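Structure first, commentary second.
If you're wondering where the values come from, they're calculated on a predicted model, not measured in any experiment.
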Amino acid sequence: MSPDAEVHEHSHADVSGGWLRAAVFGAMDGLVTNTALVAGVGAGGAAAQTIVLSGVASLVAGAISMALGEYTSVTTQNEQLELEVAKERGELERNPEGERDELVALLRAGGVDDDLAERVSVQLSRDPETALRLHVVAEMGLSPEDTPSPKVAAVSSFVTFSVGAAVPLLPYLFGLDLLWVALVCGGVGLAVAGALSARFTPRPWWWS
């Protein structure tokens, strides 16, 4: 390391935990679903009590459905990755030389000189787990160590869907039987959810 070089500590957001995508999806789905439901039932002339009952039923059913869907989909995705990792491990055991040649090709494609790629591949192949991880990341674009949590995704989706679905019901819950106020609440909720999601992206809040 150069004596003039400075080491700057920095950190990165967790992009593989699975909570952010599920949270944003849950919040948006809850807001859109119940805003549309309130608009339809309310415009049909239903009483405030009926609107609240319908909205709460939609909230509960939707939150449970979202949580189960997220848990199942993330679990299936992780299990598929485990299967592909097992296949790659088997290839490394059956054909180590062929897999090392493949690693050399991957290193060359990444800009490493031919001779250096040969030496690096030999060194990395000494540890089967390191070689396995490199092959999986290079070939599938996924790290077997950074899989999202099904439980985190399910809880995130459940909570944010429930919060989003409750927003258009707020006027009725506080005794204000005005459909247009409920629809405004839903619109404001969508704007706030979009603005909050912008904190995790390079986009400005107003665009999100």
Taking the six-membered ring for Trp, are the ring centroids of F158 and W19 within less than 6.0 Å of each other?
-> no
Hydrophobic cluster membership, L83 vs L81, 4.5 Å side-chain cutoff | no
Approximate separation, where rounding is to 0.5 Å, of C185 SG and L190 CG | 11.5 Å
N/O donor to acceptor pairs below 3.5 angstrom from side-chain atoms of residues 48-59, sequence neighbours left out:
| from | atom 1 | to | atom 2 | distance (Å) |
| --- | --- | --- | --- | --- |
| S54 | OG | T50 | O | 2.8 |
| S58 | OG | N34 | OD1 | 2.8 |

Verify the cluster assignment for M28 and F25: are they in a single hydrophobic cluster under the rule of side-chain heavy atoms below 4.5 Å apart?
-> no
Could you walk me through whether E118 and R100 pass the salt bridge (charged side-chain N to carboxylate O under 4.0 Å, His left out) check?
-> CA-CA 9 Å; E118 289 282 352; R100 193 180 70 78; 3.4 Å; yes
Does one hydrophobic cluster hold both I64 and Y71, with members joined at side-chain heavy-atom distances below 4.5 Å?
-> no
Check the pair T33 / L37 against side chain to side chain contact (heavy atoms under 4.5 Å, CB included), numbers first and verdict last.
-> CA-CA 6 Å; T33 297; L37 183 143; 5.5 Å; no
Is a side-chain donor or acceptor of S157 paired with a backbone partner of A153 at a separation under 3.5 angstrom?
-> no
In this structure, OG of S121 is separated from CG of D101 (nearest 0.5 Å) by 8.0 Å
Spatial distance of atom CD (E91) from atom CD (E88) [nearest 0.5 Å] | 6.5 Å
Specify the closest pair of heavy atoms between S156 and A22, including all atoms of both residues, with the distance to one decimal.
-> CB-CB, 4.3 Å
Please examine the side chains of L20 and V24, heavy atoms only from C-beta on, and report whether any two atoms are closer than 4.5 Å.
-> yes
Heavy atoms, side chains only, cut-off 4.5 Å: are R89 and E93 in contact?
-> yes
Main-chain N/O of G98 paired with N95 side-chain donor or acceptor, under 3.5 Å | yes
Taking all non-hydrogen atoms of both residues into account, name the closest pair between R21 and E70 and its distance.
-> NH2-OE1, 2.6 Å
For S65 and A61, indicate whether the former's side chain and the latter's backbone hold a donor-acceptor pair under 3.5 Å.
-> no
Might you point out which heavy atoms bring P148 and Q77 nearest each other, and give the distance in Å?
-> CG-NE2, 3.9 Å
State, to 0.1 Å, how close L179 and Y172 come at their nearest heavy-atom pair, and which atoms those are.
-> CA-OH, 3.3 Å
With hydrophobic residues grouped by side-chain heavy-atom distances under 4.5 Å, do V167 and V60 end up in a single group?
-> no
Nearest heavy-atom contact between L183 and A39 is CD2-CB, 3.6 Å
Atom of R108, atom of A117 and distance for their closest heavy-atom approach | CG-CB, 4.0 Å
Establish whether L169 and V41 are linked, either directly or via other cluster members, by ILVMFWY side-chain heavy-atom contacts under 4.5 Å.
-> yes
Residues that, via side-chain heavy atoms closer than 4.5 angstrom, fall in one hydrophobic cluster with L196 | L176, L178, W180, V181, V184, V188, V192
